[in-house]
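Sharing a structure, written as structure tokens. Questions coming.
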Amino acid sequence: MLTLADLGVLRDVDVVGDSHVVVDITPTYSGCPAMAAMRDDLVRELQAAGFDRVEVRVSLHPAWTTDWITPAGRAALLAAGISPPGPAPSTHGPIPLTLLPTARQVRCPQCDSPATELVSEFGSTSCKAQYRCTTCLEPFDHLKEI
């Protein structure tokens, strides 16, 4: 449904020789459980494309941000019923610690209504929040802005 490039995780691809490729990826957040699956998929697909030696490096700097998701990636999320993230919060200066849920303007991916309410700050994965549309009453995930 979504490529690693559209997700903004694929940072660099360097073809070193006829059968050697080095790929840099950045996790969406530290400890992301999907990183092993992403790495395995890259190795499998690149080997199937004829690269005998595939190196996958994890790059932690700069840190991934939801702003790296491409317009095609945002459209794919929406088509899958996941509300795409808005602009990432500014990271200049100290980051205030708040214990309240993050206030977001989230539109329903089913009916496009802005009338939504937060159900849980954690959805099907920790990078998503669970919302409900008060117009069509459908529950949905929202990819959190990072």
Original post:
To the nearest 0.5 Å, how far apart are CG in Leu46 and OG in Ser19?
Top reply: 12.0 Å
**OP:** List for me each residue that meets side chain to side chain contact (heavy atoms under 4.5 Å, CB included) alongside Ala75, sequence neighbours excluded, and say none if there are none.
**Re:** none
Original post:
Step by step, would you call Asp14 with Val16 a side chain to side chain contact (heavy atoms under 4.5 Å, CB included)?
Top reply: CA-CA 6 Å; Asp14 184 20; Val16 179; 4.1 Å; yes
Original post:
Backbone N or O of Val54 within a donor-acceptor pair of the Gln47 side chain at under 3.5 Å?
Top reply: no
**OP:** Ignoring hydrogens and angles, tell me if any N or O in the side chain of Trp68 forms a donor-acceptor pair with the backbone of Ala5 under 3.5 Å.
**Re:** no
**OP:** Would you mind checking if Arg104 and Glu145 are paired as a salt bridge, meaning a charged N to carboxylate O distance below 4.0 Å?
**Re:** yes
Original post:
If you group Ile, Leu, Val, Met, Phe, Trp and Tyr by side-chain heavy-atom gaps below 4.5 Å, do Val43 and Val22 land in one group?
Top reply: no
Original post:
For the atom pair CZ (Arg132) and OG1 (Thr116), what is the distance rounded to the nearest 0.5 Å?
Top reply: 10.0 Å
**OP:** State the CG-CG distance between Asp52 and Asp18, to the nearest 0.5 angstrom.
**Re:** 10.0 Å
**OP:** Apply side-chain hydrogen bond (donor to acceptor under 3.5 Å, both in side chains) to Thr26 and list each qualifying residue two or more places apart in sequence or on a separate chain.
**Re:** none
Original post:
Do Phe51 and Leu4 belong to the same hydrophobic cluster, where Ile, Leu, Val, Met, Phe, Trp and Tyr are linked whenever their side-chain heavy atoms lie under 4.5 Å apart, directly or via other members?
Top reply: yes
**OP:** Salt-bridge test for Arg53 and Glu55: reply yes if a basic N is under 4.0 Å from a carboxylate O, no otherwise.
**Re:** yes
**OP:** Compare all side-chain heavy atoms of Ile69 with those of Asp6 and state whether any distance is below 4.5 angstrom.
**Re:** no
Original post:
For Tyr29, which fellow cluster members are found when Ile, Leu, Val, Met, Phe, Trp and Tyr are connected by side-chain heavy-atom distances below 4.5 angstrom, either directly or through intermediates?
Top reply: none
**OP:** Might you confirm whether atom CD of Glu117 has over 12 heavy atoms from other residues, nucleotides or ligands at distances under 6.0 Å?
**Re:** yes
Original post:
How about Ser124 and Asp141: do any of their side-chain heavy atoms sit closer than 4.5 Å?
Top reply: yes
Original post:
Between CG of Leu7 and OG1 of Thr70, what distance do you get to the nearest 0.5 Å?
Top reply: 8.5 Å
Subject >> Partner of Pro85 under side-chain contact (heavy atoms from CB on, under 4.5 Å), chosen from Leu77, Asp67, Ile146 >> reply: Leu77
Subject >> Side chains of Arg57 and Ile25 in contact at under 4.5 Å (non-hydrogen atoms) >> reply: no
Original post:
Applying the side-chain contact (heavy atoms from CB on, under 4.5 Å) test to Ile82, which of His142, Met1, Arg74 qualifies?
Top reply: Met1
**OP:** Treat each ILVMFWY residue as a node, draw an edge where side-chain heavy atoms are under 4.5 Å apart, and state whether Met38 and Val13 are in one component.
**Re:** yes
Original post:
What closest approach, in Å, do Cys111 and Cys136 show between heavy atoms, and which atom pair accounts for it?
Top reply: SG-SG, 3.8 Å
Subject >> Joint cluster assignment, Phe122 & Val119, ILVMFWY side-chain distance < 4.5 Å >> reply: no
Original post:
Got a sec, which residues hit side-chain hydrogen bond (donor to acceptor under 3.5 Å, both in side chains) with Arg107, two or more places apart in sequence or on another chain?
Top reply: Asp112
Original post:
So how far is it from Trp64 CH2 to Cys32 SG, rounded to the nearest 0.5 Å?
Top reply: 9.0 Å
Original post:
Which residues pass the side-chain hydrogen bond (donor to acceptor under 3.5 Å, both in side chains) test with Arg11, sequence neighbours left out?
Top reply: none
**OP:** Can you measure from NZ (Lys144) to SG (Cys127) and round to the nearest 0.5 angstrom?
**Re:** 8.0 Å
Original post:
Same cluster for Phe140 and Leu78 if Ile/Leu/Val/Met/Phe/Trp/Tyr side chains link at under 4.5 Å?
Top reply: no
Original post:
Between the side chains of Asp24 and Ser59, does any donor sit under 3.5 Å from an acceptor?
Top reply: no
Original post:
With a 4.5 Å heavy-atom cut-off, do Thr28 and Thr66 have their side chains touching?
Top reply: no
Original post:
Sequence neighbours excluded, which residues qualify as side-chain hydrogen bond (donor to acceptor under 3.5 Å, both in side chains) partners of Ser113?
Top reply: Thr135
